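As structure tokens, the structure follows; a few thoughts come after it.
As the structure lists them, so they are numbered: ligands from 1, and atoms in each ligand from 1. No hydrogens, no waters, no symmetry mates; every other heavy atom, side chains included, goes into these values. Note that the structure is a prediction, hence the values are computed from the model and not measured.
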Amino acid sequence: MDLKENIIAVNSRIAEAANRTGRSPEDIKLVVVTKTRSISIIESAIDFGIKYIGENRVQEAKQKIPLLQDKINEFHFIGHLQTNKIRKLLALKPDLIHSIDNLKTATKLNDHMLELGLIQEILIQVNTSGEDTKSGVEPDLAIGLVKNVSSLSNIKIMGLMTIGLLTSNQSRIRDCFRRLHDLAAEIREKKISNTEMKYLSMGMTDDFEIAIEEGANIVRIGSAIFGPRSY
Ligand SMILES: *Cc1c(COP(=O)(O)O)cnc(C)c1O
């Protein structure tokens, strides 16, 4: 595996997909997913220019982020967030939490942010694939959740996140991403206070080009950069 070549290749695939849709490659944020990866390999990736990293488990992030914080621009939390892990996560100062999908977690998060006197930027995770193993609010319930969360004073909704259907059928993957894009447009039209639809976080190693074609401006990529994961 050649880390440097992988990073160059992913960046150029992102740029090509952006150009196909008439957008600039700089408009798309590459969040490099570092779960299961060692500090030393992550540091090498940082040396090769990566700036944003994503972790999906609080426990693992707690071990790694403090060692990396000075070397990265942003830490994104992309995994399912249990309410009893919120405090630990906030100690790591996540720049963006991608994965809020229910009001209970949002309310707890807001309580902690009130205590800290800070605002946390989040995305609402939507289950566009219909797979019941995946987290995310049902698309039909997403606008209701956005409205409820938008009333919380110390949380700011910055957009939506989804995980595409795990399938080789490209048009079904595309449908998931289109659904998220359309949902964001619908929410934007409603001009809900305290809510911006600035980010669409969608696309991983196997589907990020489709996601960019459908409007993603954050992609979350692990394996295409570091190789297959072994747990
Ligand atoms: C692991 C993970 C990714 C990255 O997956 P790859 O297929 O390795 O690119 C992206 N998003 C989430 C939420 C993940 O948990």
Could you tell me whether the side chain of Leu89 reaches within less than 4.5 Å of the side chain of Pro94, counting heavy atoms only?
-> yes
Exercise answer: donor-acceptor pairs, residues 105-119 side-chain atoms, under 3.5 Å, sequence neighbours excluded:
unit_1 : atom_1 : unit_2 : atom_2 : d
Thr105 : OG1    : Asn102 : OD1    : 2.9
Thr105 : OG1    : Asn102 : ND2    : 3.1
Thr107 : OG1    : Leu103 : O      : 2.7
Asn110 : OD1    : Asn154 : N      : 2.7

Looking at Leu160 and Val126, what are the two nearest heavy atoms and their distance?
-> CD2-CG2, 4.4 Å
Thinking salt bridges, do Lys35 and Glu60 make one under a 4.0 Å N-O criterion?
-> no
Atom of Ser223, atom of Thr205 and distance for their closest heavy-atom approach = N-OG1, 3.3 Å
closest protein heavy atom to atom 9 (O) of ligand 1 is Thr205 OG1, 2.5 Å
Using non-hydrogen atoms of the residue, decide whether His98 is closer than 4.0 angstrom to ligand 1.
-> no
Write out the residue and atom name of the closest protein heavy atom to atom 14 (C) of ligand 1, then the distance separating them to 0.1 Å.
-> Lys35 NZ, 3.0 Å
shortest atom 10 (C) of ligand 1-to-protein heavy-atom contact is with Met204 SD, 3.4 Å
Going by the atom numbers of ligand 1, which of them fall below 4.0 Å from some non-hydrogen atom of Ile221?
-> 9 (O)
Near Ser223 (heavy-atom distance under 4.0 Å), the atoms of ligand 1 are 6 (P), 7 (O), 8 (O), 9 (O)
Tell me yes or no: between the side chains of Ser150 and Asn148, is some donor less than 3.5 Å from an acceptor?
-> no
May I ask you to check whether Gly222 has an N/O atom sitting below 3.5 Å from an N/O atom of ligand 1?
-> yes
When every non-hydrogen atom of Ser99 is compared with those of Gly79, the smallest separation belongs to OG-O, 2.5 Å
Quick note on ligand 1: atoms under 4.0 Å from a heavy atom of Arg220 include exactly 4 (C), 9 (O), 10 (C), 11 (N), 12 (C), 13 (C)
Starting from atom 13 (C) of ligand 1, which protein heavy atom do you reach first, and at what distance in Å?
-> Ile78 O, 3.6 Å
